[in-house]
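Notes for the one structure printed next.
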Protein chains: 2
Amino acid sequence: MKRDEAGDTRPATAETSGTGTLGKVLSVLETVVTAEAPLRFSDILALSGQPRGTLHRQLSHLVEEGLLIQRRDLCYEPGFRLLKFAYRAWSKNQFRAIAGPHLQRLHEETGETVHLGVLRDTEIIYVDKVESRQTVRMESQIGNASPVYCTGLGKAALSVLPPERLETTIGRLAFHRFTANTHLSAISLKRDLDDVRLRGYAFDREEHETDIRCVAAPIHDAGFDFVAGISVTGPAYRVTMEQLEAWAGVVRRAAIAIIEDVQIRLGPGH
Amino acid sequence: MKRDEAGDTRPATAETSGTGTLGKVLSVLETVVTAEAPLRFSDILALSGQPRGTLHRQLSHLVEEGLLIQRRDLCYEPGFRLLKFAYRAWSKNQFRAIAGPHLQRLHEETGETVHLGVLRDTEIIYVDKVESRQTVRMESQIGNASPVYCTGLGKAALSVLPPERLETTIGRLAFHRFTANTHLSAISLKRDLDDVRLRGYAFDREEHETDIRCVAAPIHDAGFDFVAGISVTGPAYRVTMEQLEAWAGVVRRAAIAIIEDVQIRLGPGH
DNA sequence: AGAGCTTGTTCCAAATAATGGAACAACATG
DNA sequence: CATGTTGTTCCATTATTTGGAACAAGCTCT
């Protein structure tokens with residue numbers, strides 16, 4: 001089996017790759033879906049590092065299943081079946097439904113945008129949002145994924161991970177400078193996380209986007225299998241660090257309220 | 001290989017199932033995702049008809065890949081990674097972006113809700129929506145899938161399919177009565193489609209939901225590989241059949257405008 | 001509590017599908 | 001028209017999936 005040379009720091013100890021064929025195909029799908037522009041066969045070939053024949057079959061299968069579309073100019077695009085899957089995933093999600101009223105309340109208390117995000121691998125996936133101007137639609141970031149190391153939600157989530165899982169997660173991070181304040185090393189990030197753990201809430205000091213600050217608190221189930229977060233975000237000119245400090249309490253209380261609500265409504269262990 | 005007894009009217013001529021392992025796994029994923037309530041292992045076992053060992057591994061892989069989540073009570077739920085895929089699929093979609101202004105204009109002309117939907121297998125997947133009250137969020141149906149045979153968009157899309165593909169599509173339909181007006185047979189549906197083809201637009205005469213009517217027109221690329229539709233929908237008390245007739249022209253013109261716009265912006269063949 | 005039932009998990013030889021190199025075809029490009 | 005690039009097909013080899021059966025963990029009912 002071929003191994004990616006770049007960024008693969010995993011121990012070489014008999015990693016069966018876990019999910020077999022599915023994992024490989026999803027990796028191809030993710031490549032196409034997360035690409036900035038539609039990709040041609042050769043582009044994907046270069047990015048995936050798979051042999052031509054193999055990749056060709058994988059793409060054919062993905063197209064046949066509706067997860068990708070092949071346009072007439074041979075470019076591959078995400079397929080509409082992905083929307084169907086997500087619609088169900090979102091509209092029936094109980095966690096989101098339970099958290100909803102708490103987001104709303106937090107928005108009313110602060111007047112700024114409130115986010116609900118879930119930790120998945122090394123990213124935070126935005127699951128819900130309440131914001132002032134009701135121009136919100138699906139662009140609203142729902143489904144958008146941001147790195148854990150430069151977002152309030154991400155750091156809040158990391159702060160409650162069991163040590164071992166935290167290590168493996170941080171080990172997989174590929175640090176990338178988004179702003180002057182972005183953490184660029186595991187050491188720097190871990191120092192920040194120590195503070196977060198003590199306080200119970202995390203800040204984003206313009207680490208992902210300039211002029212955007214946020215304060216976030218972690219949400220988790222009993223076994224820390226499920227880790228998420230809630231945050232209040234605003235523009236730096238309006239939201240000072242003092243303001244964020246002042247909101248930290250309500251954010252944290254909202255997070256705790258959600259944890260309790262989930263336990264009551266979905267039974268112990270959640 | 002086992003075959004579903006119910007609703008499987010496909011010819012038994014050497015169907016290699018096409019997408020191999022991926023198809024089987026996605027079929028399991030779809031079962032879980034489209035279920036009304038979270039399913040336990042045995043529920044899925046019964047629905048999928050796969051052997052225990054096989055299904056167990058498939059589910060493990062899906063969970064490991066983040067497409068499913070297994071809760072503490074052993075129920076399976078759609079995973080949040082699905083949201084990430086869809087976010088990209090939606091936000092980068094060029095067809096949607098091109099059609100957007102036309103939907104907006106159609107909404108301004110009619111004052112009622114406008115939908116954009118894409119044909120995928122035997123379903124219409126809603127891709128965009130413009131409606132009066134700006135309470136729209138992701139609940140807005142984006143990603144929702146409805147059967148082709150009882151929606152205006154579905155019938156509009158079917159009406160432009162090449163005869164052969166129309167036959168296979170209709171052959172796969174499992175008719176289900178949603179209202180008193182729902183088509184329940186291929187014959188009845190085909191008769192309707194003949195009318196649609198003559199007029200160039202389709203009606204939904206409360207065939208999917210009581211008190212909901214709609215008029216829709218087809219959109220397609222040069223080779224009919226990509227088939228979609230645009231529609232105006234409203235409550236029966238406000239939107240009479242005469243009103244729909246009156247709007248048919250603008251709807252059809254909007255559809256044609258989108259077809260032209262796509263050809264210009266994405267090049268010939270689209 | 002214990003017997004009997006259901007439900008979830010693990011194991012492994014056999015069957016099957018994925019792999020990947022190489023040859024082929026279709027397009028561009030100079 | 002020659003040449004490089006890009007997309008597609010083929011097939012023996014290899015690895016993964018398959019699925020039966022045995023095992024373990026929960027329930028339920030007397």
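Every heavy atom of this structure was used, including side-chain atoms; hydrogens, water molecules and symmetry mates were not. Proteins come first, then strands; the chains are lettered A, B, ... in the order of their sequence lines, and each starts at number 1.
T54(B) comes within 4.0 angstrom of a base, heavy atoms only. No engagement by L45(A) is indicated, since no non-hydrogen atom pair under 4.0 Å with the nucleic acid exists.
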Between the protein and nucleotides 27-30 of chain C, list every N/O to N/O distance that falls short of 3.5 Å.
none

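Salt bridge status for K92(B) with E77(A): absent, with no side-chain N to carboxylate O gap under 4.0 Å. A salt bridge links R72(A) to D225(B): at least one charged side-chain nitrogen sits closer than 4.0 Å to a carboxylate oxygen. Under 4.0 Å is where a charged nitrogen must lie from a carboxylate oxygen, and between K190(B) and E167(B) at least one such pair does.
Looking at the side chain of R57(A), the nearest of the listed nucleotides dG20(C), dA18(C), dG7(D) is dA18(C). You'll find that the side chain of K24(B) is closest to dT18(D), out of dT18(D), dT8(D), dT7(C). Side-chain proximity of Y76(A) to the nucleotides dT8(D), dT19(C), dG7(D) is greatest for dT8(D). With dT17(D), dT9(C), dG7(D) as the candidates, the nucleotide lying closest to the side chain of F41(A) is dG7(D).
Judged by closest nucleotide on DNA chain D, G53(A) is the one of G53(A) and H61(B) placed further toward the 5' end.
Between the base of dG8(C) and the side chain of R52(B) there is a donor-acceptor pair shorter than 3.5 Å.
In terms of the salt bridge (charged side-chain N to carboxylate O under 4.0 Å, His left out) criterion, D43(A) has no residue partners (sequence neighbours excluded).
H115(A) and D128(A) share no donor-acceptor pair across their side chains, judged by distance under 3.5 Å alone.
Considering only side-chain N and O atoms, S42(A) lies under 4.0 angstrom from the phosphate OP1 or OP2 of dG7(D).
Residues F226(A) and F95(A) place their aromatic rings such that the two centres sit under 6.0 Å apart.
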